[in-house]
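The analysis underlying the following values was restricted to heavy atoms, covering all of them including side chains, and did not include hydrogens, waters or symmetry mates.
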Amino acid sequence: MCHIMCHIGNMPSVNIRQLRDTRRLKAWLRAGNTVELRERNRVIARIVPEKQHEERPVKYPDFAARRQKIFGDRVLSIVDDLIRDRGRY
């Protein structure tokens, strides 16, 4: 029981009316704290911060190598094909 009381005592908490002060709430959440939402000293919800994901650089495939493998040294005249097909639709 002591463990629960110590944990609750250290956790930031707000009541419904204090939710209007979003600066303090955002500061706690950015710091990684879980915030308790209380109504008449009863916990009715816990607001848990989103886990921060590490930004990894996106690794794209080598499209030039794929094109070379599929088409070889052929030159594709896409513009000519579009102009030729334009009248078809």
Is there a side-chain contact between [X] and [Y], using heavy atoms and a 4.5 Å cut-off?
{"X": "T34", "Y": "I47", "answer": "no"}
{"X": "P61", "Y": "R66", "answer": "yes"}
{"X": "V14", "Y": "R24", "answer": "yes"}
{"X": "V43", "Y": "L37", "answer": "no"}

Rounded to the nearest 0.5 Å, how far apart are [atom1] of [X] and [atom2] of [Y]?
{"X": "D62", "Y": "K69", "atom1": "CG", "atom2": "NZ", "result": "11.5 Å"}
{"X": "R40", "Y": "N15", "atom1": "CZ", "atom2": "CG", "result": "11.0 Å"}
{"X": "R42", "Y": "I44", "atom1": "CZ", "atom2": "CD1", "result": "8.0 Å"}
{"X": "R46", "Y": "R38", "atom1": "CZ", "atom2": "CZ", "result": "8.5 Å"}

_side chain to side chain contact (heavy atoms under 4.5 Å, CB included) between Q18 and L25, intermediate numbers included_ = CA-CA 9 Å; Q18 291 171 331; L25 180 64; over 6 Å; no

*Following the transitive rule for hydrophobic clusters with a side-chain heavy-atom cut-off under 4.5 Å over Ile, Leu, Val, Met, Phe, Trp and Tyr, establish whether V48 and W28 coincide in one cluster.*
no

*Determine yes or no for a side-chain-to-main-chain donor-acceptor pair under 3.5 angstrom, with N33 supplying the side chain and V35 the backbone.*
no

